[in-house]
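Reminder, nothing fancy here: chain letters follow the sequence lines and each chain counts from 1. None of these values were measured; they are calculated from a predicted model.
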There are 2 protein chains.
Amino acid sequence: MNYVKRQRILTLMVQFVHPATEDITLAGVLSALADPMRLRIVSNLLQKNGCMSCSEAAPCPDIAKSTLSHHFRILREAGLVRTSKIGVGHRNILRTDDIETRFPGLLNRILEFVD
Amino acid sequence: MNYVKRQRILTLMVQFVHPATEDITLAGVLSALADPMRLRIVSNLLQKNGCMSCSEAAPCPDIAKSTLSHHFRILREAGLVRTSKIGVGHRNILRTDDIETRFPGLLNRILEFVD
DNA sequence: TTCGAAAGTTCACGATATTGGAACTATTGA
DNA sequence: TCAATAGTTCCAATATCGTGAACTTTCGAA
(Lines give C-alpha, C1' and ligand atoms only; values in the text may rest on other atoms or scores of the structure.)
Protein backbone atom coordinates (compact mmCIF):
# COMPACT_ATOMS: atom_id res chain seq x y z
CA MET A 1 0.00 0.00 0.00
CA ASN A 2 1.01 3.55 -0.66
CA TYR A 3 -0.28 4.51 2.74
CA VAL A 4 2.32 2.49 4.56
CA LYS A 5 5.06 4.14 2.57
CA ARG A 6 3.75 7.59 3.44
CA GLN A 7 3.73 6.70 7.12
CA ARG A 8 7.31 5.60 6.86
CA ILE A 9 8.35 8.86 5.27
CA LEU A 10 6.55 10.86 7.91
CA THR A 11 8.29 8.87 10.58
CA LEU A 12 11.63 9.77 9.16
CA MET A 13 10.59 13.41 8.97
CA VAL A 14 9.82 13.64 12.65
CA GLN A 15 13.22 14.86 13.66
CA PHE A 16 13.75 17.94 15.73
CA VAL A 17 15.76 20.74 14.28
CA HIS A 18 17.89 22.71 16.72
CA PRO A 19 19.84 25.78 15.64
CA ALA A 20 23.60 25.78 16.11
CA THR A 21 24.89 27.88 18.98
CA GLU A 22 26.14 30.62 16.70
CA ASP A 23 22.76 30.83 14.99
CA ILE A 24 20.91 31.74 18.18
CA THR A 25 19.79 35.37 17.85
CA LEU A 26 18.91 37.90 20.50
CA ALA A 27 15.59 38.82 18.92
CA GLY A 28 14.83 35.12 18.58
CA VAL A 29 15.49 34.43 22.25
CA LEU A 30 13.49 37.45 23.38
CA SER A 31 10.67 36.55 21.03
CA ALA A 32 10.55 33.04 22.43
CA LEU A 33 10.46 34.38 25.97
CA ALA A 34 7.92 37.09 25.19
CA ASP A 35 5.04 34.97 26.38
CA PRO A 36 3.96 34.25 29.98
CA MET A 37 3.50 30.53 29.34
CA ARG A 38 6.88 30.08 27.73
CA LEU A 39 8.51 32.10 30.47
CA ARG A 40 7.13 29.72 33.03
CA ILE A 41 8.07 26.67 30.99
CA VAL A 42 11.66 27.85 30.80
CA SER A 43 11.64 28.76 34.47
CA ASN A 44 10.41 25.27 35.35
CA LEU A 45 13.09 23.74 33.16
CA LEU A 46 15.78 25.80 34.81
CA GLN A 47 14.71 24.86 38.31
CA LYS A 48 14.47 21.14 37.59
CA ASN A 49 16.94 20.72 34.81
CA GLY A 50 18.30 17.55 33.30
CA CYS A 51 15.14 15.87 32.18
CA MET A 52 11.60 17.05 31.85
CA SER A 53 8.74 15.94 29.63
CA CYS A 54 6.59 18.47 27.85
CA SER A 55 3.60 17.99 30.12
CA GLU A 56 5.76 18.12 33.25
CA ALA A 57 7.03 21.54 32.26
CA ALA A 58 3.53 22.80 31.44
CA PRO A 59 2.61 26.00 33.25
CA CYS A 60 -0.99 24.96 33.90
CA PRO A 61 -2.69 21.57 33.75
CA ASP A 62 -5.60 22.50 31.48
CA ILE A 63 -3.53 23.69 28.55
CA ALA A 64 -4.23 22.08 25.18
CA LYS A 65 -1.64 19.58 24.03
CA SER A 66 -1.30 21.24 20.65
CA THR A 67 -0.66 24.57 22.30
CA LEU A 68 2.02 23.06 24.50
CA SER A 69 3.63 21.39 21.53
CA HIS A 70 3.55 24.68 19.66
CA HIS A 71 5.29 26.50 22.52
CA PHE A 72 7.99 23.84 22.74
CA ARG A 73 8.61 24.11 19.04
CA ILE A 74 9.13 27.85 19.37
CA LEU A 75 11.52 27.32 22.27
CA ARG A 76 13.39 24.67 20.26
CA GLU A 77 13.69 26.80 17.13
CA ALA A 78 14.92 29.76 19.15
CA GLY A 79 17.67 27.53 20.53
CA LEU A 80 16.49 27.62 24.13
CA VAL A 81 15.51 23.98 24.50
CA ARG A 82 16.89 20.73 23.19
CA THR A 83 14.37 17.94 22.73
CA SER A 84 15.01 14.25 22.21
CA LYS A 85 12.60 11.38 22.03
CA ILE A 86 12.81 8.91 24.87
CA GLY A 87 10.27 6.16 25.02
CA VAL A 88 6.75 7.43 24.63
CA GLY A 89 7.57 10.93 25.71
CA HIS A 90 10.13 13.59 25.09
CA ARG A 91 13.05 14.78 27.14
CA ASN A 92 13.56 18.52 27.20
CA ILE A 93 16.65 20.23 28.51
CA LEU A 94 17.47 23.88 28.62
CA ARG A 95 20.49 24.81 26.50
CA THR A 96 21.96 26.88 29.29
CA ASP A 97 25.57 26.54 28.17
CA ASP A 98 24.84 27.49 24.57
CA ILE A 99 22.82 30.52 25.58
CA GLU A 100 25.45 31.51 28.10
CA THR A 101 28.04 31.33 25.35
CA ARG A 102 26.03 33.60 23.09
CA PHE A 103 24.56 36.00 25.66
CA PRO A 104 26.35 35.74 29.00
CA GLY A 105 24.10 36.43 31.95
CA LEU A 106 21.01 37.11 29.88
CA LEU A 107 18.89 34.10 30.69
CA ASN A 108 19.42 34.21 34.43
CA ARG A 109 18.71 37.92 34.50
CA ILE A 110 15.40 37.44 32.70
CA LEU A 111 14.29 34.41 34.69
CA GLU A 112 15.09 36.24 37.91
CA PHE A 113 11.87 38.17 37.42
CA VAL A 114 9.56 35.23 36.72
CA ASP A 115 7.01 34.39 39.43
CA MET B 1 -20.32 71.57 8.96
CA ASN B 2 -20.22 68.21 10.69
CA TYR B 3 -16.79 67.55 9.25
CA VAL B 4 -15.15 70.33 11.24
CA LYS B 5 -16.59 68.96 14.45
CA ARG B 6 -15.20 65.50 13.73
CA GLN B 7 -11.75 66.91 13.12
CA ARG B 8 -11.88 68.64 16.47
CA ILE B 9 -12.75 65.46 18.27
CA LEU B 10 -9.92 63.56 16.60
CA THR B 11 -7.50 66.28 17.61
CA LEU B 12 -8.41 65.87 21.24
CA MET B 13 -8.00 62.11 20.97
CA VAL B 14 -4.36 62.28 19.91
CA GLN B 15 -2.86 61.84 23.35
CA PHE B 16 -0.24 59.28 24.17
CA VAL B 17 -0.99 56.70 26.78
CA HIS B 18 1.91 55.47 28.89
CA PRO B 19 1.53 52.67 31.42
CA ALA B 20 2.37 53.37 35.04
CA THR B 21 5.64 51.95 36.27
CA GLU B 22 3.97 49.19 38.24
CA ASP B 23 1.99 48.13 35.17
CA ILE B 24 5.10 47.34 33.12
CA THR B 25 5.27 43.56 32.68
CA LEU B 26 8.19 41.31 31.88
CA ALA B 27 6.45 39.59 28.99
CA GLY B 28 5.42 43.01 27.70
CA VAL B 29 8.98 44.32 27.74
CA LEU B 30 10.38 41.19 26.13
CA SER B 31 7.64 41.22 23.52
CA ALA B 32 8.40 44.81 22.65
CA LEU B 33 12.09 44.01 22.33
CA ALA B 34 11.50 40.80 20.39
CA ASP B 35 11.99 42.55 17.07
CA PRO B 36 15.27 43.57 15.41
CA MET B 37 14.00 47.01 14.46
CA ARG B 38 12.72 47.81 17.92
CA LEU B 39 15.91 46.51 19.47
CA ARG B 40 17.92 48.94 17.40
CA ILE B 41 15.53 51.78 18.09
CA VAL B 42 15.91 51.26 21.83
CA SER B 43 19.66 50.85 21.48
CA ASN B 44 19.85 54.15 19.61
CA LEU B 45 17.75 55.82 22.27
CA LEU B 46 19.98 54.51 25.04
CA GLN B 47 23.16 55.71 23.40
CA LYS B 48 21.86 59.20 22.71
CA ASN B 49 19.30 59.60 25.41
CA GLY B 50 17.48 62.72 26.46
CA CYS B 51 15.85 63.70 23.22
CA MET B 52 15.35 61.89 19.98
CA SER B 53 12.71 62.19 17.29
CA CYS B 54 11.11 59.12 15.76
CA SER B 55 12.96 59.40 12.47
CA GLU B 56 16.27 60.02 14.22
CA ALA B 57 15.93 56.77 16.11
CA ALA B 58 14.90 54.82 13.01
CA PRO B 59 17.03 51.74 12.39
CA CYS B 60 17.16 52.20 8.63
CA PRO B 61 16.41 55.19 6.42
CA ASP B 62 14.02 53.53 4.00
CA ILE B 63 11.46 52.38 6.53
CA ALA B 64 7.88 53.50 5.99
CA LYS B 65 6.63 56.20 8.33
CA SER B 66 3.60 54.18 9.29
CA THR B 67 5.77 51.22 10.22
CA LEU B 68 7.98 53.39 12.36
CA SER B 69 4.98 54.91 14.07
CA HIS B 70 3.65 51.42 14.73
CA HIS B 71 6.88 50.32 16.40
CA PHE B 72 6.99 53.42 18.58
CA ARG B 73 3.44 52.78 19.70
CA ILE B 74 4.39 49.27 20.79
CA LEU B 75 7.41 50.57 22.69
CA ARG B 76 5.24 53.21 24.35
CA GLU B 77 2.52 50.77 25.37
CA ALA B 78 5.10 48.36 26.79
CA GLY B 79 6.39 51.19 28.98
CA LEU B 80 9.82 51.41 27.38
CA VAL B 81 9.52 54.83 25.80
CA ARG B 82 7.87 58.09 26.82
CA THR B 83 6.76 60.33 23.97
CA SER B 84 5.79 63.96 24.13
CA LYS B 85 4.99 66.39 21.37
CA ILE B 86 7.47 69.15 20.90
CA GLY B 87 7.04 71.49 18.00
CA VAL B 88 6.43 69.70 14.76
CA GLY B 89 8.01 66.45 15.89
CA HIS B 90 8.01 64.18 18.87
CA ARG B 91 10.49 63.77 21.66
CA ASN B 92 11.18 60.19 22.71
CA ILE B 93 13.03 59.21 25.84
CA LEU B 94 13.78 55.78 27.19
CA ARG B 95 12.13 55.15 30.56
CA THR B 96 15.34 53.77 32.01
CA ASP B 97 14.52 54.61 35.61
CA ASP B 98 11.07 53.06 35.49
CA ILE B 99 12.35 49.88 33.88
CA GLU B 100 15.24 49.75 36.32
CA THR B 101 12.74 49.99 39.16
CA ARG B 102 10.70 47.11 37.82
CA PHE B 103 13.47 44.88 36.47
CA PRO B 104 16.88 45.92 37.77
CA GLY B 105 19.69 45.30 35.33
CA LEU B 106 17.48 43.80 32.65
CA LEU B 107 17.56 46.48 30.00
CA ASN B 108 21.31 47.04 30.07
CA ARG B 109 21.94 43.33 29.95
CA ILE B 110 19.77 42.94 26.86
CA LEU B 111 21.09 45.99 25.02
CA GLU B 112 24.63 44.88 25.71
CA PHE B 113 24.19 42.34 22.93
CA VAL B 114 22.74 44.64 20.27
CA ASP B 115 25.01 45.32 17.30
C1' DT C 1 0.07 -10.45 18.71
C1' DT C 2 -3.30 -7.27 19.14
C1' DC C 3 -5.59 -3.62 21.59
C1' DG C 4 -5.75 0.58 24.07
C1' DA C 5 -3.79 4.36 26.56
C1' DA C 6 -0.20 8.01 26.83
C1' DA C 7 2.49 11.72 24.83
C1' DG C 8 3.19 14.61 21.22
C1' DT C 9 2.88 16.14 16.39
C1' DT C 10 0.64 17.94 12.32
C1' DC C 11 -3.28 20.09 10.05
C1' DA C 12 -6.84 23.57 9.55
C1' DC C 13 -8.84 27.73 10.78
C1' DG C 14 -9.89 31.94 13.19
C1' DA C 15 -7.44 35.69 15.74
C1' DT C 16 -3.64 38.76 16.14
C1' DA C 17 0.80 41.06 14.45
C1' DT C 18 3.76 43.18 10.80
C1' DT C 19 4.37 46.05 6.86
C1' DG C 20 3.51 49.80 3.89
C1' DG C 21 0.53 52.98 0.89
C1' DA C 22 -2.82 56.76 1.19
C1' DA C 23 -5.12 60.29 3.53
C1' DC C 24 -5.08 63.25 7.38
C1' DT C 25 -3.38 66.63 11.28
C1' DA C 26 -0.54 69.98 13.56
C1' DT C 27 3.35 72.98 13.64
C1' DT C 28 6.78 75.84 11.62
C1' DG C 29 8.82 78.96 8.27
C1' DA C 30 8.76 81.63 3.98
C1' DT D 1 -1.68 82.06 3.31
C1' DC D 2 0.89 78.22 1.53
C1' DA D 3 4.13 74.59 1.48
C1' DA D 4 7.13 71.49 3.99
C1' DT D 5 7.92 68.50 7.92
C1' DA D 6 6.88 64.91 11.22
C1' DG D 7 4.05 62.09 12.54
C1' DT D 8 -0.72 59.56 13.13
C1' DT D 9 -4.71 56.81 11.66
C1' DC D 10 -7.04 53.80 8.37
C1' DC D 11 -6.91 50.06 5.26
C1' DA D 12 -5.43 45.89 3.03
C1' DA D 13 -2.04 42.06 2.31
C1' DT D 14 0.77 38.80 4.36
C1' DA D 15 2.77 36.24 8.31
C1' DT D 16 2.53 34.31 12.79
C1' DC D 17 -0.08 32.60 17.11
C1' DG D 18 -3.50 29.59 19.68
C1' DT D 19 -6.47 25.69 19.75
C1' DG D 20 -9.61 21.70 18.48
C1' DA D 21 -9.48 17.50 15.67
C1' DA D 22 -7.16 13.82 13.69
C1' DC D 23 -3.00 11.28 13.52
C1' DT D 24 1.60 8.71 14.87
C1' DT D 25 4.60 6.32 17.87
C1' DT D 26 5.60 3.72 21.87
C1' DC D 27 4.61 0.88 25.70
C1' DG D 28 2.06 -2.22 28.70
C1' DA D 29 -1.56 -5.56 29.34
C1' DA D 30 -4.59 -9.30 27.95
J.: Under 4.0 Å, heavy atom to any atom of DNA chain D: which of residues 25-40 of chain B qualify?
T.: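 Hits under 4.0 Å, by residue number: none.
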J.: Restricting to side-chain hydrogen bond (donor to acceptor under 3.5 Å, both in side chains), what partner residues turn up for B/Thr21, sequence neighbours left out?
T.: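 B/Thr21 satisfies side-chain hydrogen bond (donor to acceptor under 3.5 Å, both in side chains) with B/Asp98 once adjacent residues are dropped.
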J.: Less than 4.5 Å apart, any side-chain heavy atom of A/Val114 and any of A/Val42?
T.: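 No - every pair of side-chain heavy atoms lies 4.5 Å or more apart.
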J.: Which of residues 67-79 of chain A sit near DNA chain D, with a heavy atom under 4.0 Å from it?
T.: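 Those residues are A/Thr67, A/His70, A/His71.
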J.: Which whole-number value in Å describes the distance from B/Ile63 CD1 to C/dT19 P?
T.: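 Roughly 7 Å, once rounded to whole Å.
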J.: Only one of A/Leu80, A/Val81, A/Ile24 forms a side chain to side chain contact (heavy atoms under 4.5 Å, CB included) with A/Arg95, so which one is it?
T.: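 Of the listed options, the one satisfying the test is A/Ile24.
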J.: Return the value, rounded to whole Å, for the distance between atom CZ of A/Phe16 and atom P of C/dG8.
T.: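 The distance from CZ of A/Phe16 to P of C/dG8 comes to 9 Å, rounded to the nearest Å.
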J.: Nearest to the side chain of B/Ser66, which nucleotide is it out of D/dT19, D/dT8, C/dG21?
T.: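 That would be C/dG21.
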J.: Going through the distances and angles, do A/Leu26 and B/Leu33 end up as a side-chain contact (heavy atoms from CB on, under 4.5 Å)?
T.: CA-CA 9 Å; A/Leu26 179 60; B/Leu33 294 178; over 6 Å; no
J.: What pairs of nitrogen or oxygen atoms, one from the protein and one from nucleotides 2-5 of chain C, lie under 3.5 Å apart?
T.:
none

J.: For B/His18, give me all partners under ring-ring contact (aromatic ring centres under 6.0 Å, His included), at least two apart in sequence or on another chain.
T.: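 Expected list: none.
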J.: Any side-chain heavy-atom pair from A/Leu106 and A/Ile99 closer than 4.5 angstrom?
T.: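 Side chain of A/Leu106 against side chain of A/Ile99, heavy atoms only: no contact under 4.5 Å found.
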J.: Of the listed nucleotides (D/dT19, C/dG8, C/dG20), which one gets closest to any side-chain atom of A/Lys65?
T.: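 Nearest to the side chain of A/Lys65 among the choices is C/dG8.
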J.: Within this structure, what is the CG-to-P distance between B/Asp62 and C/dG21, rounded to whole angstrom?
T.: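 In whole Å, C/dG21 P and B/Asp62 CG are 10 Å from each other.
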J.: Hey, could you give me each pair passing ring pair (Phe, Tyr, Trp, His ring centres under 6.0 Å) that has a residue in residues 56-102 of chain A? Not counting sequence neighbours.
T.: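 Non-adjacent pairs meeting ring pair (Phe, Tyr, Trp, His ring centres under 6.0 Å): A/Phe16-A/His90.
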J.: Rounded to whole Å, please give me the gap between NZ in A/Lys85 and P in C/dT9.
T.: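 One finds 8 Å between P of C/dT9 and NZ of A/Lys85, rounded.
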J.: Between the main-chain N or O of B/Asp97 and the side-chain N or O of B/Thr101, is there a donor-acceptor pair closer than 3.5 Å?
T.: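 At least one qualifying donor-acceptor pair exists.
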J.: Using whole Å, report how far CD1 of B/Ile86 lies from C1' of D/dG7.
T.: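 About 15 Å, once rounded to whole Å.
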J.: Does atom CZ (A/Arg109) have a neighbourhood of more than 12 heavy atoms from anything else shown, all under 6.0 Å?
T.: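 More than 12 within 6.0 Å, yes.
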J.: Check whether B/Met37 and B/Leu75 end up in the same hydrophobic cluster, where Ile, Leu, Val, Met, Phe, Trp and Tyr are linked by side-chain heavy atoms less than 4.5 Å apart.
T.: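 Same hydrophobic cluster.
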J.: Any link between A/Ile74 and A/Leu30 through a network of hydrophobic side chains (Ile, Leu, Val, Met, Phe, Trp, Tyr) touching at under 4.5 Å?
T.: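 As far as the 4.5 Å side-chain criterion goes, A/Leu30 and A/Ile74 are not connected within one cluster.
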J.: At under 4.0 Å between heavy atoms, what does B/Ser55 touch on the DNA or RNA strands: base, sugar-phosphate, or nothing?
T.: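 Sugar-phosphate: the residue B/Ser55, judged by heavy atoms under 4.0 Å, touches backbone atoms but no base.
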